[in-house]
Amino acid sequence: MSFRTPAALAGASSQPTVARRRATWHVATVADSRPETSTARRIELDVPTWPGNDAGSHLDVRLTAPDGYQATRSYSIASAGDGTRVVLAVDELPDGEVSPFLVHDLRPGDQLELHGPLGAFFVWTPPSADETPRPVQLIAGGSGVVPLYAMAAAHSAAADATQFRLLYSVRTPEDVFFRRELAALASAEPALQVDFVYTRRTPADWPTAAGRLTRNVLDTAAVPAASRPSVYVCGPTPFVEAVAGWLIDAGHRAGDVRTERFGGS
Amino acid sequence: MSRLDGNMLAGRLVEVLGWDATTADARCAQCGTHGPIALALVYATSMGTVARCPHCDGVLAIFVEADDGRVWFGMPGITALEVTR
């Protein structure tokens, strides 16, 4: 038996060469905070120690009260890649403990404790050279669009030709997160198609009435199971569970459907 | 009480295990089904966080966090956990 040096082992490894981004605690400084919708804010953070993150990952925000009480909540990251600027889009839960503070009280220059990047399951990375690209279907309910927007932007940044579709269920046109950015991505990217389902009110010239996403709409607006897409579903728990059930009924394999539940109703 | 999933355990798992185990395969002690921790159903209350098997609802893991930062962590319902070295 002959032993090899760690360097030789590393060279011989069949593992991807991309370094794993280790999650740890960071101190972030708020660079910008502005309204995203009437109930949500887009918060941009400067995190000098941030190792970058894959599209779809999240972070935990920890708030500490003067008496030492701590509250920690998870938020999806709207940005992806190697930078140290981290973008969140936080929807206020009126009876929440952390989101009202982030939406109403946080100001540029304030500091926050963050743990991340987190979540290796609900992430999308561009296909490597030896991988057969698969189409991707993203399905968002409300603020569940945040990690999926990061995936669509990462897909565009990678100049990846894989077919991408985003089906976005949202209350009204004014509730759309990243409205301008999504429109710009969709018009610049032939490989990206964005479809909206408006549940409460549609734009004026919309061909269909407002209403919840149904099995039939899903069947017509999503990449069919026969194309074996990777599917990512993110939103409120009842939305995610209904959509995931319809996808399995439509023939998608359970292992092809990745879900992330936000809770709520 | 709202139902979440194993994705939200990533931060806690990094703190108690030192690595993000959400993609790790775990076997349920109650029904023997296995799958990534991310697929577990998670119930979070002010008393603690419970991860349950998505197939049989058996308790897989629990986290109880005190206000002073201490954490009690148990995996009473996981008989095998995949570890990538």
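Reminder, nothing fancy here: chain letters follow the sequence lines and each chain counts from 1. Here the structure is a predicted model, which is why all the values come from computation and not from measurement.
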### Task
Can you check whether anything in residues 26-41 of chain B gets within less than 4.5 Å of chain A, heavy-atom wise, and list it by number?
B:Pro36, B:Ala38, B:Leu39, B:Leu41
### Message
Are A:Phe262 and B:Met8 packed together at the side-chain level, in the sense that at least one heavy-atom pair is separated by less than 4.5 angstrom?
### Response
no
### A:Arg85, CZ: over 12 other non-hydrogen atoms inside 6.0 angstrom
yes
### Message
So does A:Gly119 get a backbone contact from the side chain of B:Thr22, meaning a donor-acceptor N/O pair under 3.5 Å?
### Response
no
### Task
Would you indicate whether A:Arg212, at its atom CZ, is surrounded by more than 12 heavy atoms from other residues, nucleotides or ligands within a distance under 6.0 Å?
no
### Task
Would you mind reporting whether A:Gln70 and B:Glu65 have side-chain heavy atoms less than 4.5 Å apart?
no
### Message
To the nearest 0.5 Å, what is the distance between CD on A:Glu241 and CG on B:Asp5?
### Response
8.5 Å
### Least distance between heavy atoms, A:Leu118 atom then B:Asp20 atom
C-OD2, 3.9 Å
### Summary
Interface check, chain A: of B:Ala44, B:Ser2, B:Gly11, B:Gly6, most non-hydrogen pairs under 4.5 Å belong to B:Gly11
### N/O donor-acceptor pair under 3.5 Å between B:Asn7 side chain and A:Thr259 backbone
yes
